[in-house]
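Written below as structure tokens is the structure these notes are about.
These numbers come from a predicted model, not from an experiment. First listed ligand is number 1; within each ligand, the first listed atom is number 1.
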Amino acid sequence: MKIGLVGAGNMARALARGWGEPVLCSDGGSGRAAALVAEVGGEALSSNAEVAERADLVVLCHKPAGLESVAAEIGGRVRAVASVLGSTPVAAVAAAYPGTPVLRFVPNLPVEVRRGVVVYGGAAATEADPDLERDVVALFARLGDVVPVKDPLVDAAMAISGCGTAFVALVAEAQVEAGVRTGLDATTASRLAVGNLAGTAALLDVRRGDTLGLRREVTSPGGSTARGLAALEDRGVRAAFDAAAQAVVHGGSR
Ligand SMILES: NC(=O)c1ccc[n+]([C@@H]2O[C@H](COP(=O)([O-])OP(=O)(O)OC[C@H]3O[C@@H](n4cnc5c(N)ncnc54)[C@H](OP(=O)(O)O)[C@@H]3O)[C@@H](O)[C@H]2O)c1
């Protein structure tokens, strides 16, 4: 399946690196498409229309605000569309590409290292090609775990995985800063924080997401972990993550 990327920014780069195969690519004029194909192979094309005409699947990797203008350029030329546009329901993409098969995904940046979570919000107008949905989902499954979520809940899912990559990075950053304040050098603190994050994620995966069980294994009554956890609870770590999810789903900055 020849992949065409409209947009060559952070998400397009992560997807292309994860797929590790040549792509057709365009950008809004920055030259990032050329830089991307210099890395992964393929061709940077001067128009979105050419990407659409030559690709079997066009992955929309521009910003959501560009939906209508890009559709005006490539609608009618494109064989199938996979949208990764945040906060854009599959129905809105389908309305911009009437009659064209459309599938909605929200990947997170770890797709770059094939450890991604790809929220799958469903498809529209795929009836004409029964194999298409299977093939496109399989393409994204090469990048990590594809998690089907009903389209109205995709933003709620994005608040955990897509945006969650930045949230977890902030947690690691806060841990590094805290380590520096307690005397560690930044390099050592970062090695500890990132290694702990990766190891904890792997362990939770094996334990089927049993966070409470894992916490109990680490926490001796009245011990140092218990004191640290109490400090985090006192400072409202749960409320902070809840506010972040609400902000993603319902808008507003706080
Ligand atoms: N970043 C994430 O973690 C993440 C997660 C989930 C979903 N998404 C979604 O992925 C999409 C891209 O996000 P991003 O973070 O990759 O943004 P980004 O880094 O700003 O990249 C956007 C890309 O779109 C290109 N572009 C803009 N207008 C265009 C046009 N008319 N024709 C062709 N290309 C055009 C830009 O061109 P220039 O290079 O010329 O500026 C740029 O290469 C968004 O819809 C976002 O909601 C992102």
Matching residue for Arg79 among Thr100, Asp129, Asp56 - test: side-chain hydrogen bond (donor to acceptor under 3.5 Å, both in side chains)
Asp56
Compare Gly86, Ala65, Ala166, Gly164 and give the one whose heavy atom is closest to atom 46 (C) of ligand 1.
Gly86
Within ligand 1, which atoms have a heavy atom of Val84 less than 4.0 Å away?
7 (C), 8 (N), 9 (C), 10 (O)
My understanding is that we take every heavy atom of each candidate and find the minimum distance to atom 28 (N) of ligand 1. Doing that for Met11, His62, Met158, which one comes out nearest?
His62
Just by modelled atom types, is the Arg32 backbone N or O under 3.5 Å from a matching donor or acceptor in the Asp27 side chain?
yes
Can you figure out which of Pro64, Gly7, Cys61 has its heavy atom closest to atom 22 (C) of ligand 1?
Cys61
Would you please determine whether Ser69 falls within less than 4.0 Å of ligand 1 on a heavy-atom basis?
no
Backbone N/O of Met158 and side chain of Ser161: donor-acceptor pair under 3.5 Å
no
Backbone of Val40 reached by a side-chain donor or acceptor of Trp19 within 3.5 Å:
no
At a 4.0 Å threshold, what atoms of ligand 1 neighbour a non-hydrogen atom of Val106?
6 (C)
As a check for students: among Ser30, Ala35, Ala8, identify the option with a heavy atom nearest to atom 43 (O) of ligand 1.
Ala8
Ligand 1 atoms nearer than 4.0 angstrom to some heavy atom of Asn10 are 15 (O), 16 (O), 19 (O)
Under 4.0 angstrom from ligand 1, any heavy atom of Asn108?
no
